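First the structure, in the form of structure tokens, and then the observations on it.
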Amino acid sequence: MMSSLDHYLTKPEPATPKPKALAKTQLEFKPETPNDMAQSYFVGAGYDGERRAVFLKLYDPETEKIRFWYDNTGHTPYCISKDSVESLQREKKIVNHPGFLRFETSRRYDALNAAEIPVTLIHAEDPLSIGGKEDSIREKTRAWEADIRYIENYIYDRHLEPGMIYSIGNGQLNASGQTSIPESAKEILPEDDAEYSRLMVRWLRLLESPVPNYRRVALDIEVFSPIETRVPDPETADYKVVAASFCGSDNARRVLLLRRPGVADGSSNQVQGLDVVYFDREYDLLAAIFETLMDYPFVFTFNGDDFDLRYLYHRALKPELGFLRDQVPIELGRDAASVKYGIHLDLYRFFFNRSVQVYAFGNKYREVTLDAIADSLLGEGKLETSASISNLSYNELASYCFRDSELVMELTLFDGEIVMKLINALSRISVLPMEDMSRQGVSGWIKSMMYKEHRERKYLIPRADEIKQAKGETETTAIIKGKKYKGGMVIEPVPGVHFSVAVLDFASLYPSIIKTWNLGYETILCSHLDCKTNKIPDTKHWVCTHKKAMESELVGSLRDIRIKWYKPLSKERTLSPDMASWYQVVQNALKVVLNASYGVFGSDRFALYCPPLAESTAAIGRYAISQTIDEAQKLGIEVFYGDTDSIFLGFPGQAKLDALIQWSKKALGMELEVDKTYRYVALSNRKKNYLGVHPDNRVDIKGLTGKKRHIPEFLKSTFVQLIEILGEVKTQTDFEEARMRILNLVTSTYAKLRNMDFTLDELAFSIVIGKSIASYTKTTPQHVKAARLLSRGKPTEQGSELSHYVDSNVDKREALPKDDLETEVGAGDLVRFVKVRGGKGVKPMSQAKIHEIDVEKYMEYFRSTFEQVLDAVGLDYEELTGAKKLTSFFSGA
DNA sequence: ATCTATGGCAAGCCGA
DNA sequence: TCGGCTTGCCAT
């Protein structure tokens with residue numbers, strides 16, 4: 001127990017810091033701006049308001065330092081008007097705007113109107129004069145390209161490539177990285193299309209360039225909090241920072257601790273390999289943190305944007321701490337925090353990205369918390385979490401605090417540093433500095449990639465309202481109510497067990513369609529009369545026959561390097577581990593971008609939103625798969641099932657498969673390939689539900705409840721046993737033996753359920769809460785019921801404990817101990833609950849007793865889960881188990 | 001905060 | 001109490 005709460009509240013430090021004590025951090029940050037510099041990586045960019053110039057952060061892998069380069073080309077922020085200079089000159093609101101600089105005449109290609117037009121660039125002294133304030137210039141006139149962040153604007157105009165190598169000579173910035181591509185890659189370039197070749201060469205150049213070693217540190221801080229489960233507000237920063245930890249790529253393992261009255265024990269300077277440094281004053285602790293932030297070129301946090309750096313900044317500026325603004329090496333944006341010297345990457349933001357979560361990491365983590373992510377990606381189950389770290393000794397606090405920064409560092413290290421590599425690859429593809437890329441969604445990446453290409457081609461970037469005006473809305477009717485247009489086609493499965501099945505699919509179906517059908521906002525529904533006969537199947541839309549669409553070429557070229565270069569290479573066995581992992585990462589990065597490249601056009605938040613384009617892509621997809629099915633049938637091949645881009649065929653011999661593949665290439669211009677073959681496939685009448693057994697007994701399960709992650713562990717493990725049995729089935733006759741083994745499995749599970757021979761843990765469902773608890777007004781799903789029970793009994797007062805520290809990387813969710821009655825639960829939380837008799841029918845696992853379990857409900861759930869599979873393999877659950885008899889036995893008992 | 005649509009399923013809601 | 005419809009989650 002702490003001796004005094006006062007110690008943690010804000011009040012003057014024991015002694016007012018003297019200027020001398022400030023020595024190291026007192027100085028204003030003076031970046032190094034060499035006039036000449038060898039090859040360095042362009043890793044970050046910013047805008048200096050005082051100098052009114054963009055600056056680049058360049059990382060030199062030799063010295064492991066960041067050097068700055070300030071723009072000296074005189075580039076200024078601007079937006080574009082279609083009006084003439086003369087008429088704009090009469091616009092007093094513009095010319096009298098305090099930030100107005102000058103007009104510049106230029107020309108742009110206006111793709112929506114298929115004409116090169118004269119435009120006027122309205123230059124301003126600073127980005128905010130263009131946009132971002134109520135009286136910015138873009139509010140005074142109809143402007144184009146006025147909502148592009150200035151740094152990005154600058155990068156596109158200067159043809160800069162984030163993540164690539166530059167040097168400085170005589171103060172000038174020069175691209176100095178790889179200019180050539182591998183000799184063997186030239187074979188995949190098209191001979192007859194220079195523009196397309198240019199794009200492929202660009203991607204190859206970007207993605208074949210090396211990634212340096214980045215010297216980096218992970219930071220985590222602990223802050224005192226009077227209420228255990230509440231994280232202090234980083235804006236007011238009312239409480240003391242009591243600890244900070246750094247884990248460096250250079251093996252630095254440092255913990256900084258604030259000495260507190262009443263904690264006397266364990267103050268050794270070595271705890272389990274950690275360097276522990278003690279501070280009597282919080283001021284000195286912060287100064288030491290800032291020194292480290294000025295030392296490392298890369299700083300990683302988990303939630304540092306919203307907490308750690310924000311807290312440190314505001315805390316330091318408190319009068320009682322007495323730092324001056326210039327002494328704090330942190331800069332805050334509205335939703336991001338950066339460090340003045342290096343690059344700050346908030347891994348929370350990166351892993352929160354749905355595309356990263358689903359495609360790059362295969363949906364391995366469900367909750368975006370440090371523990372959940374570390375748990376699933378780093379393999380081994382990490383240390384237990386506990387939100388409250390009150391009353392820890394110094395040693396314990398040190399280990400506890402260090403643990404999180406160590407996890408963050410490990411996330412950048414594991415598996416050959418794939419996270420670092422992925423961030424690099426995505427930054428290069430999206431033409432965004434790492435910091436910006438890692439904070440945006442996939443639509444932001446694709447937007448940036450396409451904006452850059454507009455600038456390269458001197459295209460005027462259209463306004464969203466213009467595209468909508470010109471191209472209109474969709475015309476097909478979606479299957480699902482509330483959706484904008486019809487999507488992929490799912491073939492009605494032929495129920496039963498089918499032996500020897502080949503599954504064919506179109507490689508990157510939608511990107512391939514965008515490529516081969518020349519789709520883009522410019523070409524869809526173009527204005528040429530003669531193109532109107534070039535119909536998109538199943539729609540009234542048509543597509544241009546005269547002009548190549550930029551999106552088609554961008555997406556197409558990305559798709560081609562993935563399919564033709566990276567896919568084969570990622571299977572190559574002779575590569576060094578480092579190269580192999582890089583190719584794997586690039587593959588994944590391309591997959592992420594390509595997967596979203598069609599969907600973004602159907603999203604009204606996307607800058608180039610064009611619903612007929614998305615609709616056409618899906619329509620062509622339906623056309624492709626139905627044509628292929630027709631052709632298969634003409635060739636006498638049985639078709640059992642198909643979903644969007646795949647078809648399940650009875651294996652007809654290699655010759656016929658080849659014939660079908662050839663046909664697809666010729667008739668559709670699409671690459672159809674054998675994805676896999678199954679010894680057998682079991683289909684029920686349900687779509688998106690099947691079980692397929694590979695020749696080597698591996699089993700694919702798709703869509704079946706037994707595999708879903710929210711179901712209780714006991715069901716999952718029983719299901720796995722069921723699958724093992726089915727995996728060993730080789731022929732129809734084997735099913736007889738399987739039948740007996742399945743029966744045994746079912747009856748023994750029943751018996752266990754009946755005897756309640758399971759732990760609560762094994763019986764818990766786990767479901768993520770999609771939105772805040774209060775917003776469930778229409779219905780109350782079971783997991784929400786359980787969550788509401790959890791928040792009950794929460795003490796209204798701060799309770800008896802006087803002191804707590806709150807783990808800093810915790811966003812609200814992570815702070816919550818799973819078994820704590822005082823818990824608040826919110827969106828994103830995983831709720832674990834069991835089904836019980838009486839009451840609400842559910843209880844959070846932490847509140848339930850094993851004897852309350854509603855056994856019947858579990859039996860029912862078990863039955864329906866198994867039935868899905870048994871259905872498919874033609875076994876009747878009731879007949880097999882005599883389920884009626886069993887349940888009646890149970891209910892009679 | 002910000003790719004799309006399709007589909008299965010359990011459970012909630014509500015009228016008869 | 002039943003059936004039809006909706007909601008929310010999980011998955012592809």
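Bear in mind the structure is a predicted one, so any value in this text is a computation, not a measurement. Residue numbering restarts at 1 for every chain, and letters A, B, ... go by the order of the sequence lines.
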Closest of B/dG12, B/dT6, B/dT4 to the A/Q782 side chain is B/dG12
Just N and O in the side chain of A/S864: are any of them under 4.0 Å from OP1 or OP2 of B/dA10? yes
Please identify each residue that fulfils side-chain hydrogen bond (donor to acceptor under 3.5 Å, both in side chains) with A/D604, with sequence neighbours left out. none
Minimum heavy-atom separation for A/F714 to A/T749, with atom names? CE1-CG2, 4.0 Å
Whole angstroms only, please: what is the OH-C1' distance between A/Y861 and B/dG8? 11 Å
Would A/R686 and A/Q868 count as having a side-chain donor-acceptor pair, cut-off 3.5 Å? no
How would you label the contact of A/F765 with the nucleic acid (heavy atoms, under 4.0 Å): base, sugar-phosphate, or nothing? nothing
From the set B/dT2, B/dA5, B/dG8, return the single nucleotide nearest to any side-chain atom of A/K687. B/dG8
Centroid separation under 6.0 Å, is that true for the rings of A/H498 and A/Y680? no
Under 4.0 Å, heavy atom to any atom of DNA chain B: which of residues 615-627 of chain A qualify? none
ring-ring contact (aromatic ring centres under 6.0 Å, His included) partners of A/F506, counting only residues at least two apart: none
Can any side-chain N or O of A/T369 pair as donor or acceptor with the backbone N or O of A/A372 at less than 3.5 Å? yes
side-chain hydrogen bond (donor to acceptor under 3.5 Å, both in side chains) involving A/D761 - partner list, sequence neighbours excluded: A/R832
Output the single nucleotide from B/dC3, B/dA5, B/dG7 whose closest atom is nearest the side chain of A/A596. B/dC3
side-chain hydrogen bond (donor to acceptor under 3.5 Å, both in side chains) with A/E615: which residues, sequence neighbours excluded? A/T476, A/H541
Sequence neighbours excluded, the answer for ring-ring contact (aromatic ring centres under 6.0 Å, His included) partners of A/Y623 is none
List in numerical order all residues of residues 602-610 of chain A for which some heavy atom is under 4.0 Å away from an atom belonging to DNA chain B. A/G602, A/S603, A/R605
Starting at NZ of A/K483 and ending at P of B/dG7, how long is that distance when rounded to a whole Å? 12 Å
Start at the 5' end of DNA chain B and walk down; is the nucleotide closest to A/V600 or to A/V490 reached first? A/V600
Salt bridge (charged side-chain N to carboxylate O under 4.0 Å, His left out) with A/E453: which residues, sequence neighbours excluded? A/R198, A/R202, A/R457
If we count only N and O atoms by modelled type, under 3.5 Å, do the side chains of A/S766 and A/R709 hold a donor and an acceptor together? no
Going 5' to 3' along DNA chain C, between which two nucleotides do contacts with chain A fall, using a heavy-atom cut-off of 4.0 Å? C/dT6 to C/dT12
Base, sugar-phosphate, or nothing for A/F601, non-hydrogen atoms under 4.0 angstrom? nothing
NA contact type, A/V784, heavy-atom cut-off 4.0 Å: base, sugar-phosphate, or nothing? nothing
Between A/F606 and A/F601, is the ring centre distance below 6.0 Å? yes
Hey, does A/R366 reach any base, or is it just sugar-phosphate, or nothing, if we go heavy atoms under 4.0 Å? sugar-phosphate
Does a side-chain N or O from A/R354 land closer than 4.0 Å to OP1 or OP2 of B/dA1, or not? no
May I ask you to test the A/V784-A/R788 pair for a side-chain heavy-atom distance under 4.5 Å? yes
My understanding is that only residues two or more places apart in sequence, or in another chain, count here; which of them pass ring-ring contact (aromatic ring centres under 6.0 Å, His included) with A/Y485? none
What residues in residues 701-720 of chain A put a non-hydrogen atom under 4.0 Å from any atom of DNA chain C? A/K707, A/K708, A/R709, A/H710
Find the distance A/R334:CZ to B/dA1:C1' and express it as a whole number of Å. 11 Å
Report the distance from atom CE of A/M489 to atom C1' of B/dG7, rounded to the nearest whole Å. 15 Å
With heavy atoms under 4.0 Å as the rule, sort A/A478 into base, sugar-phosphate or nothing. sugar-phosphate
Atom-pair distance (NZ on A/K481; C1' on B/dA5), nearest Å: 16 Å
Using the side-chain hydrogen bond (donor to acceptor under 3.5 Å, both in side chains) criterion, which residues pair with A/T523? Sequence neighbours excluded. none
For a quick check of understanding: with a heavy-atom distance under 4.0 Å over all strands, which category does A/K857 fall into, base, sugar-phosphate or nothing? nothing
What is the distance, rounded to the nearest whole Å, between atom CG of A/D305 and atom C1' of B/dA1? 14 Å
How long is the line joining CG of A/L613 and P of B/dC3, in whole Å? 16 Å
What about the rings of A/Y861 and A/F765, do their centers lie closer together than 6.0 Å? yes
B/dG8 P sits how many Å from A/I479 CD1, rounded? 11 Å
Regarding A/Q440, tell me which of base, sugar-phosphate or nothing describes its non-hydrogen contacts under 4.0 Å with the strands shown. nothing
Just to be sure I understand the rule, does A/G599 reach a base, reach only the sugar-phosphate, or reach nothing, if contact means heavy atoms closer than 4.0 Å? base
